[in-house]
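Working notes, structure below.
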Amino acid sequence: MRVIRIGYIAGLASGALWGVIGMIVVGVTLTLAAGIPATPSLTAGAIAGLIGAAILMYRPPAERSAGMLIASAAAILIVVVAATFAQPFGLPLSLAPSWQAVALLFLVATVWAANRLCLLDVFSGRLSRYEFEVLLVRVLKGIGFIVFTIAVVLPFYVMVMTSLKSQQFLLANPLDFSVDVSQGLGNLFSAYGKLFTEFRFGRYLFISALVSVSTVLLTLLFSIPGAYAVARLRFPGRATLSRSILLIYMVPAIVLVIPLYSVFSQLGLRDSLVGLLIVYPATTIPVSLYMLQGYFRGLPQELEEAGLMDGCTRLGVIMRITLPLSLPAVASVALYVFMIAWNEFLFAFMFIDSPDIFTLSRGVVSLNSSEVPRQFLMAGAVVATVPVLVIFLWFERFLVQGLTAGSVKG
Amino acid sequence: MTTASDTAVTPTEPRPVRPKTRLGPMARRESRLAFGMLAPTFAIVLTIVLFPLLANFWISVKPVELADLRPPTPAASERVNGEAAAVGDEIQVEYRLRNRSRKTVIHDVILDDTLPAGLAPVALDQRCSLTGRELTCHLGSWEPGFSERLQLSLIVSQAFLANPVSPRDSDLRITGSAENVLTSLTFTGENFRRIFDATEFWSVLWVTFAYTIFGTAGALVLGLFAAQLLNTSFKGRGLLRGLFLFPYVAPVIAVAFTWVVLLDPFSGTLNAILKQMGVVESPINFFGQRAISFEFLGLGLDFPLALSTVIAFEAWRYFPLSFLFILARMQSIPADMYEAAEIDGATPLQQFWHISLPQVMGILSILFLLRFIWTFNKFDDIFLLTGGAAGTRTLTVDVYEKGFALSNLGAGAAVAVVVFFVLVTFSMLYFRFTPKEEGL
């Protein structure tokens with residue numbers, strides 16, 4: 001293993017690795033984007049990356065000029081083309097030549113840039129442990145960025161792409177990720193059109209919004225005074241209480257489902273939105289109370305005392321001093337509760353039977369049958385996801401602060 | 001509490017220190033206000049969380065089925081025989097009565113009916129009485145499967161012929177009270193016996209722990225790695241941070257179904273890619289195949305495929321949460337610690353191992369405990385991905401399976417009791433290991 005600590009050898013290994021990774025990523029992307037079945041040659045990628053690295057590191061770091069960089073890029077291009085007999089992706093060049101050209105350029109650029117980022121200042125001679133680990137961390141981070149980004153983006157892309165295609169098309173070629181814009185917007189979004197007319201998703205959207213917003217309001221209405229009491233007022237059992245609040249949050253919903261189902265059935269609350277609006281706040285109030293009391297505690301008490309001195313009542317103090325000061329926390333709690341209510345599945349699934357009052361989660365589940373083509377299921381998933389993602393991205397800063405500063409979540 | 005100095009004070013003087021156990025009027029007012037502000041929260045949490053928790057124990061020792069939630073009611077229908085053509089004709093009203101339930105007795109059955117004007121009963125059944133035109137019959141208790149035809153003969157008078165109304169047109173009301181299995185005092189140990197006798201239970205328990213431990217560890221390791229990636233500043237960092245949170249923010253149904261579509265053996269993209277790249281020969285049924293057998297060092301091993309896939313989903317979906325907390329903690333580590341280490345010649349991996357890791361250890365252990373509990377509680381993910389098939393049934397899915405799919409609420413509740421007790425153990429650990437002051 002001592003050999004790998006020599007800069008030149010480590011550089012070559014890094015170059016070969018990037019060649020392989022670049023080949024896989026670009027090859028698969030080409031297949032998915034153009035819908036043509038590419039079989040990227042990993043060996044050719046490895047050799048090209050290796051030779052690119054060899055040229056880049058030929059001279060000591062200070063003398064690696066722009067000319068060397070260009071030579072390295074050219075070498076990668078030439079080797080890839082030569083080693084695959086002018087078929088870098090295992091396809092005849094006549095098939096989608098422009099796609100292939102773009103992919104080839106992209107491949108060369110990726111491998112070259114990766115080599116440059118990792119190796120430009122790496123010595124060719126023996127590396128110290130420090131220098132070697134710097135190189136290692138660079139390579140690992142690079143792989144990390146690629147893997148994480150693909151792992152996160154791919155499912156969401158598949159969700160959107162599938163919703164825009166017909167079932168036969170999907171079965172015929174699952175590798176085709178291209179979105180055919182030429183068929184006209186009406187055709188492209190036909191699944192969505194049907195979703196909102198035949199499957200009544202407009203109504204579900206409205207009900208989900210109604211339930212989520214009501215849950216937020218109810219939760220805040222209950223938890224703001226509660227949090228204030230726990231944070232500011234002295235009463236026996238306060239310490240125990242503030243520590244046990246979160247325990248409620250660890251009670252699994254599935255344990256509550258059977259008793260609640262039984263009782264709500266007998267009370268006639270089961271198949272109704274009122275039932276949901278009782279259960280949702282009950283599960284969100286404890287965590288909301290916990291987050292808010294953490295924030296309230298951080299506010300200077302003197303302000304409130306001044307308010308009390310000047311003749312404000314407790315309620316007045318909360319309304320005029322505490323709440324305006326803790327608006328960011330309240331906003332983040334509100335968003336967080338909104339997310340929970342919007343995404344909630346178990347109770348909606350167990351309680352709601354009549355299609356008139358489906359929430360989005362419940363509506364999407366009803367699309368999961370063999371009689372409904374897949375694109376409707378995925379279109380439903382998109383409709384359920386987009387609002388919450390948009391709201392999240394809009395208020396991300398708020399939410400992230402609130403989540404990490406005030407407390408926890410599950 | 002009385003001390004030596006207290007007793008030394010003469011009784012006429014006011015006591016200088018109030019006993020600790022009693023609150024002053026101000027303090028009492030304050031605590032009354034506090035309880036008032038907390039009362040609504042207490043009320044809703046008690047009814048929706050704590051009461052069901054106890055009710056679950058109750059249900060777990062009762063022979064309750066899903067159908068028992070609708071208590072049996074007495075059934076009655078009415079028929080008229082004979083013709084009312086002239087004064088003095090006799091017609092018969094027949095009530096057909098039934099208890100449709102096969103196991104429950106219905107008590108205190110009362111039948112009410114209104115007879116049309118101008119009909120006079122010949123002989124009234126002794127259980128019935130007539131006040132004006134209102135007929136009331138106290139029919140007593142009905143055994144399961146009971147049925148009876150109650151006859152009533154009526155003589156037609158002129159008043160009826162002037163205004164003939166069929167006796168059937170009036171509303172027939174029948175009420176009775178059946179014992180509700182939920183509130184009765186019949187108990188059974190059958191639910192628990194059946195759970196622990198089944199060999200399947202132990203495999204469910206083992207799957208639950210494997211899922212919980214590996215899912216939690218996976219989410220934490222991925223989160224740590226992602227936090228390490230984004231702990232340097234570069235262009236587009238905010239964008240990536242937002243992107244990395246997507247799996248956690250999106251609704252579980254959306255991402256679960258997307259994974260199912262993505263990994264589908266026939267039309268799924270992942271299988272198609274693997275085949276295209278020559279990694280596999282035939283498509284892999286990620287969510288449907290219990291195990292893949294392979295040989296390793298001459299040993300035949302079974303790799304639990306479906307279980308591993310749901311664990312991968314779990315790690316993918318929840319890494320953003322640990323990522324967020326770990327990143328926040330990492331960014332609060334003072335930069336001079338790293339500068340000092342750098343001067344001392346510490347390598348990047350040494351810096352990670354000896355500075356970053358110890359600094360995030362606290363949040364890491366708390367996250368582990370919380371995520372462990374939440375993963376243990378998780379129902380939606382596995383239910384949506386596999387429905388508990390192919391060796392992925394955890395305790396929570398088992399609750400649903402027994403209680404609703406097999407309609408045996410009692411058995412489902414019994415599994416829920418097991419879930420609860422495992423959880424109590426975890427919660428005790430949580431209390432022991434969280435810092436006394438403000439956990440997070």
Side-chain angles (χ1 to χ4, degrees), chain A residues 28 31 37 129-130 133-134 137 141 144-145 148 152 155-156 158-159 162 170-171 174-175 222 225-226 229 233-236 247-248 250-252 254-256 258-260 262 265 278-279 282 285 314 343 345-346 361 364-365 374 377-378 381 384-385 388-389 392-393 396 403-404 407-408 410, chain B residues 30-31 33-35 37-38 40-41 44-45 48-49 52-53 55-56 59 69 182 225-226 229 242-244 246-247 249-255 257-259 261-262 267-269 272-273 276 316 324-325 328 347-349 370 373-374 377 379-380 396 399 403 409 412-413 416 419-420 427 440:
Chain A
V28 171
T31 309
R129 184 173 167 191
Y130 184 90
E133 283 186 9
V134 167
V137 166
K141 276 198 172 181
F145 276 120
F148 271 98
V152 171
F156 287 93
V158 167
M159 191 186 332
T162 312
L170 281 173
L171 279 169
L175 279 178
F222 280 67
L233 304 178
R234 272 153 305 177
F235 57 91
L247 272 188
I248 300 291
M250 315 215 159
V251 175
I254 195 80
V255 173
L256 307 182
I258 289 181
L260 285 177
S262 313
S265 293
I278 294 174
V279 176
I285 284 171
R314 278 285 176 187
N343 294 350
F345 163 73
L346 177 61
S361 291
V364 175
V365 175
R374 277 284 164 82
L377 180 65
M378 287 295 100
T385 307
V388 73
L389 273 192
F392 166 74
L393 287 179
E396 191 208 328
L403 271 178
T404 50
S407 61
V408 248
Chain B
E30 190 168 324
S31 63
L33 179 66
F35 284 126
M37 289 166 96
L38 281 164
T41 302
I44 194 164
V45 168
I48 301 300
V49 182
L53 221 50
N56 195 63
I59 297 175
L69 291 183
L182 277 179
F225 195 25
L229 283 183
L243 194 70
F244 279 11
F246 271 25
V249 178
V252 61
I253 41 153
V255 287
F257 283 140
T258 307
W259 269 58
V261 167
L262 185 64
S267 63
T269 307
I273 291 178
Q276 179 67 33
W316 176 82
L324 209 59
F325 282 99
T347 66
L349 291 185
L370 289 178
I373 290 172
W374 282 323
N377 291 350
F379 164 79
D380 319 3
T396 47
V399 172
L409 284 183
V419 172
F420 180 74
S427 303
L440 288 162

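Here is the naming used below: chain letters follow the sequence lines, and residue numbers restart at 1 for every chain.
Heavy atoms of A:Ile278 lying under 4.5 Å from chain B belong to its backbone as well as its side chain. Looking at A:Ser262, both its backbone and its side chain come within 4.5 Å of chain B, counting heavy atoms on both sides. For a residue to count as touching a neighbouring chain, one of its non-hydrogen atoms must lie under 4.5 Å from one of that chain's; by this rule B:Leu243 touches chain A with backbone and side chain alike. When heavy atoms are compared at a cutoff of 4.5 Å, A:Ser265 approaches chain B solely by way of its side chain, counted from C-beta outward. At a 4.5 Å heavy-atom cutoff, the contact between A:Val137 and chain B is made by side-chain atoms alone.
Options B:Phe35, B:Phe225, B:Trp316 differ in how many heavy-atom pairs under 4.5 Å they form with chain A, and the most are formed by B:Trp316. Considering only heavy-atom pairs separated by less than 4.5 Å from chain A, the leading option among B:Gly403, B:Pro247, B:Ala55 is B:Pro247. Contact count against chain A (heavy-atom pairs under 4.5 Å) is highest for B:Asp380 among B:Asp380, B:Leu53, B:Leu409. Heavy-atom pairs under 4.5 Å with chain A peak, among B:Val419, B:Val261, B:Val252, at B:Val261. The most heavy-atom pairs under 4.5 Å with chain B, out of A:Val279, A:Thr162, A:Leu346, come from A:Leu346. Taking A:Leu256, A:Val158, A:Val388 one by one and counting their heavy-atom pairs under 4.5 Å with chain B, the maximum is reached by A:Leu256. Counting heavy-atom pairs under 4.5 Å between each of A:Ile285, A:Val134, A:Leu389 and chain B puts A:Leu389 at the top.
When atom types are taken as modelled, the side chain of A:Asn343 and the backbone of B:Val249 share a donor-acceptor pair closer than 3.5 angstrom. Remark: the backbone N or O of A:Arg234 is paired with a side-chain donor or acceptor of B:Glu30 at under 3.5 angstrom.
The side-chain heavy atoms of A:Leu233 and B:Ser31, taken from C-beta on, include no pair separated by under 4.5 Å. Between B:Phe379 and A:Pro252, every side-chain heavy-atom pair lies at or beyond the 4.5 Å cut-off. Side-chain contact between B:Leu370 and A:Met250 is present, with at least one heavy-atom pair separated by less than 4.5 Å. The side-chain heavy atoms of A:Ile248 and B:Val45, taken from C-beta on, include a pair separated by under 4.5 Å. Using a 4.5 Å cut-off on side-chain heavy atoms (C-beta onward), A:Pro155 and B:Val255 make no contact.
Taking each heavy atom of A:Arg129 and B:Thr347 in turn, the nearest pair found is CG-CG2, 3.8 Å. Closest approach of A:Ala229 and B:Met37 over heavy atoms only: CB-CB, 4.0 Å. A pairwise comparison of heavy atoms in B:Gly242 and A:Phe392 identifies O-CE2, 4.1 Å as the closest pair. Looking at every heavy atom in both residues, B:Ala413 comes nearest to A:Ile258 through N-CD1, 3.4 Å. Contact record, A:Val255 with B:Ala416: CG2-O, 3.7 Å, taken as the closest heavy-atom pair.
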Inset, instruction - Mind running side chain to side chain contact (heavy atoms under 4.5 Å, CB included) on B:Ile273 and A:Thr31 for me, showing each step along the way? - result: CA-CA 9 Å; B:Ile273 291 178; A:Thr31 309; over 6 Å; no

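In this structure, B:Leu229 CG and A:Phe148 CZ are separated by 6.0 Å, a value rounded to the nearest 0.5 Å. Atom CD1 of residue A:Ile254 and atom CG of residue B:Asn377 lie 10.0 Å apart, to the nearest 0.5 angstrom. To the nearest 0.5 Å, atoms CZ (A:Phe235) and CG (B:Leu38) are separated by 5.0 Å. Distance check, rounded to the nearest 0.5 Å: CG of B:Leu262 to CE of A:Met159 gives 10.5 Å. Note that CD1 of B:Ile253 is 7.5 Å distant from CZ of A:Phe345, once rounded to the nearest 0.5 Å. B:Ile44 CD1 to A:Phe222 CZ: the interatomic distance, rounded to the nearest 0.5 Å, is 4.5 Å.
Relative orientation of the B:Phe246 and A:Phe156 rings is perpendicular, given thresholds of 30° and 60° on the angle between their planes.
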